[in-house]
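Keep in mind that this is a model prediction, so the values were computed, not measured. Positions are given from 1 along the sequence.
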Amino acid sequence: MMSDDDDRQVTLFGPHPGVGGAAIPLPAVVKRVADALDGQTLSLRSAVACLQAVAPGIVFADVAHGGILLRVGAAPPMHLWLVIHFR
């Protein structure tokens, strides 16, 4: 659940490269949206909503680490991706 201060404006950067050693690749539609958000400034809530609209799992902001993540699966096996950073 997001708090009221997640309406603050953030700049999005450094989207997931879409490749790497993950056992499960980042869904292509999520990658396309993350790439489109790269460099944009908008509310954190809006950024999460854009990704959640296409994601096959739960999208959430990790405010402590400055990232928006996607989790697929509720218990093992599950997978977690850092989709895009924000500041």
Side-chain angles (χ1 to χ4, degrees):
M1 183 167 177
M2 299 189 82
S3 65
D4 289 338
D5 68 13
D6 290 324
D7 285 324
R8 71 184 180 278
Q9 298 294 297
V10 297
T11 300
L12 299 155
F13 69 97
H16 190 288
V19 296
I24 303 169
L26 179 68
V29 66
V30 175
K31 171 69 174 143
R32 286 192 297 274
V33 172
D35 287 345
L37 291 171
D38 189 22
Q40 290 193 36
T41 299
L42 63 159
S43 74
L44 183 54
R45 184 181 309 275
S46 294
V48 168
C50 286
L51 290 161
Q52 186 63 72
V54 300
I58 303 298
V59 175
F60 61 97
D62 181 345
V63 176
H65 295 101
I68 299 176
L69 293 91
L70 167 61
R71 184 183 74 211
V72 174
M78 68 173 257
H79 200 82
L80 189 67
W81 295 270
L82 172 56
V83 178
I84 195 165
H85 301 271
F86 64 85
R87 59 176 163 253

Does any part of the side chain of [Y], heavy atoms only, come nearer than 4.5 Å to the side chain of [X], both counted from C-beta?
| X | Y | value |
| --- | --- | --- |
| Leu70 | Leu26 | yes |
| Ile84 | Phe13 | no |
| Ser43 | Arg8 | no |
| Leu51 | Ile68 | yes |

Minimum-distance pair of heavy atoms, taken over all atoms of [X] and [Y]:
| X | Y | value |
| --- | --- | --- |
| Pro56 | Val72 | CG-CG2, 4.2 Å |
| His16 | Lys31 | O-NZ, 2.7 Å |
| Leu82 | Gly67 | CD1-CA, 3.6 Å |
| Trp81 | Pro25 | CZ2-O, 3.4 Å |
| Arg71 | Leu80 | CB-CD1, 3.8 Å |

Check your understanding: How long is the gap from OG1 on Thr41 to CZ on Phe86, to the nearest 0.5 Å?
Key -> 13.0 Å
Study note, to complete from the structure: In this structure, SG of Cys50 is separated from CD of Gln40 (nearest 0.5 Å) by 7.5 Å
Practice item. Check the hydrophobic clustering (I, L, V, M, F, W, Y; side-chain heavy atoms under 4.5 Å; chains of links allowed) and say if Met78 and Val30 are grouped together. Key: no
Point to revise | Single-linkage hydrophobic cluster Leu42~Val33, side-chain heavy atoms < 4.5 angstrom | key: yes
Point to revise | Leu12: which of Asp38, Leu37, Val83 passes side chain to side chain contact (heavy atoms under 4.5 Å, CB included) | key: Leu37
**Study point:** Worked verdict on Val63 versus Leu44 for side-chain contact (heavy atoms from CB on, under 4.5 Å)
**Key:** CA-CA 10 Å; Val63 176; Leu44 183 54; 4.2 Å; yes
Practice item. Would you mind checking if Arg45 and Asp6 are paired as a salt bridge, meaning a charged N to carboxylate O distance below 4.0 Å? Key: no
